[in-house]
Amino acid sequence: MITEHHTHQPGPDPVRDPWRDSMRLALQEAALAVPAGDVPVGAVLLGPDLELLATGHNEREAAGDPTAHAEVLALRRAAAALGEWRLTGCTLVVTLEPCVMCAGALVQSRVARVVYGADDEKAGAAGSLWDLVRDRRLNHRPEVIRGVLADECARQLTDFFRDL
Ligand SMILES: [Zn+2]
């Protein structure tokens, strides 16, 4: 009888492993959305030397603002902290694949890299439904690293919707 290995035991992943600690921060930030009834999505913005510049979590309900997504808030706060709208060399780490609005904002901000956890098959704009951030017609195309702590990120969302 052939032994089947149903539990996937990944080895070192040199692409994703360096972002795991930042994704854990983003997961903690996402949890802050829940008390206001907001879907838990969290983002952290890292500077060129990977220093923490800003964080954000979904505040649509809390702020009554349709644009108050985690990514947009983190981008605004980082730009305010730097006194500069160009976030050259920066990395945005977010628990869920960005939507079209956030993907647009990420391109506008000129971040170097977008790291995300769970795919959003229904609205993702970084490879799932659209690939706005890497559209070849755009001059600026951030690098995309997907699937960092994907299971934890997806579970946080499914737990939230299950508890509703
Ligand atoms: Zn968004």
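Source: prediction; values computed, not measured. We count ligands from 1, going down the list as the structure has it; atoms in each ligand are counted the same way.
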Problem - Check ion pair Arg77-Glu59 (N to O, under 4.0 angstrom) - result: yes
Problem - For the Zn ion (ligand 1): protein N/O/S atoms at distances below 2.8 Å - result: 3
Practice task
Salt-bridge test for Arg60 and Asp65: reply yes if a basic N is under 4.0 Å from a carboxylate O, no otherwise.
Solution key: no
Exercise for the section: Kindly give the heavy-atom pair with the smallest separation between Val94 and Met23, and that separation in Å. Expected result: O-CE, 3.4 Å
Handout entry: Of Asp163, Leu157, Leu164, the residue whose pairing with Phe160 passes side chain to side chain contact (heavy atoms under 4.5 Å, CB included)
Key = Leu164
Problem - Listed partners of Leu129 passing side-chain contact (heavy atoms from CB on, under 4.5 Å), at least two apart - result: none
Problem - Exercise: identify the closest heavy-atom pair between Leu73 and Ala68 - result: CD1-O, 3.8 Å
